[in-house]
Amino acid sequence: TPIQNDLNEFYNII
Amino acid sequence: MLEGKFEEASLLKKIVEAMKDCVSSCNFNCTENGISVQAVDNSRVLLISLLIEKDTFEEYRCDRNITLGVGLGSLSKIIGNGANSDYLTISADDDADKLNIIFEDKVKDKISEYNLKLLDIDADLLDVGPMDTDATITLPSADFAKICKDMKVLSESLQIIVTKDSALFQSVGDIGTGNIVIRPKTDIDHPEESVTISLDKPIDLSFGSKYLSDIIKATSLSQKVTIKLTDQSPGVFEYKLPSGYLRFYLAPKFDE
């Protein structure tokens with residue numbers, strides 16, 4: 001089953 | 001002082017309906033150019049980016065930048081009280097703790113006024129910035145909604161595979177599998193029915209069906225949806241407003 005990523009892995013918190 | 005008058009209450013109703021199930025509250029950032037929102041769902045998988053440009057409004061003024069923390073469930077209840085065709089004016093003072101919402105019936109001599117208590121919301125902002133896109137698909141938003149609904153009966157994941165001349169939507173589940181292929185099509189008589197696919201690099205990405213179900217709640221906002229996909233990156237699903245947009249950034253699923 002593919003694992004769900006979260007957005008923190010792609011974007012920096014400003 | 002902020003004051004924005006919508007020609008029809010239905011536009012704000014549709015925007016709030018499209019957002020409220022994934023984000024319970026968010027900051028409305030108001031500037032002289034319009035109103036913008038960035039909010040992330042609780043699981044931090046889906047991000048909403050809304051821009052309502054000032055040209056969207058019949059009348060608009062914002063003397064000083066203000067941030068309005070809004071509970072979307074509460075806002076939805078109040079704006080549900082107005083008729084779709086009413087004028088809808090939202091206004092707030094610079095240091096307001098409430099948002100004024102006024103409906104004006106265009107036929108009857110009737111004005112309804114509500115106040116929504118504002119919230120103090122301390123939310124992270126993510127730097128989504130501009131990004132390169134490997135593949136862009138534009139298709140009728142109703143068709144995309146049906147694809148997502150149909151595929152969801154099979155699996156928690158929807159795989160999107162884009163090649164030069166087609167986009168394949170695929171679900172593989174315990175009860176069976178499903179494939180839907182769409183190809184570019186130009187419909188001169190009904191341009192809203194056209195499908196375009198532009199591709200720099202083939203794409204194979206999987207997304208959670210449950211999040212796609214939230215995204216397609218924006219279907220009534222626009223006849224078309226544009227899907228921007230980049231290898232190993234969140235997908236962007238954009239519904240255009242008359243002047244502005246509602247975008248969803250959805251983190252993909254990866255195989256272990």
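Residue numbers begin at 1 in each chain, while the letters A, B, ... track the order of the sequences.
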Across chain A and chain B, going purely by atom type as modelled, what donor-acceptor pairs are there at a distance under 3.5 Å?
| unit_1 | atom_1 | unit_2 | atom_2 | d |
| --- | --- | --- | --- | --- |
| B:Arg44 | O | A:Leu7 | N | 2.7 |
| B:Arg44 | NE | A:Asn8 | OD1 | 2.9 |
| B:Arg44 | NH2 | A:Asn8 | OD1 | 3.4 |
| B:Leu125 | O | A:Ile14 | N | 2.7 |
| B:Asp127 | N | A:Asn12 | O | 2.8 |
| B:Ala251 | O | A:Gln4 | NE2 | 2.9 |
| B:Pro252 | O | A:Asn5 | N | 3.3 |
| B:Pro252 | O | A:Asn5 | ND2 | 2.9 |
| B:Phe254 | N | A:Ile3 | O | 2.9 |
| B:Phe254 | O | A:Ile3 | N | 2.6 |

>> Applying side-chain contact (heavy atoms from CB on, under 4.5 Å), can you list everything that pairs with B:Leu199, at least two apart in sequence or on another chain?
In response: B:Ala135, B:Val162, B:Lys164
>> If I measure from the heavy atoms of chain A, does B:Val172 come under 4.5 Å with its side chain, its backbone, both, or neither?
In response: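 Answer is neither: B:Val172 stays 4.5 Å or more from chain A.
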> What heavy-atom pair brings B:Leu126 and A:Leu7 nearest, and what distance separates the two atoms?
Replying inline: CD1-CB, 3.9 Å
Taking atom [atom1] as the centre, does [X] end up with more than 12 heavy-atom neighbours from other residues, nucleotides or ligands that are less than 6.0 angstrom away?
| X | atom1 | result |
| --- | --- | --- |
| B:Asp120 | CG | no |
| B:Lys152 | NZ | no |
| B:Lys217 | NZ | yes |

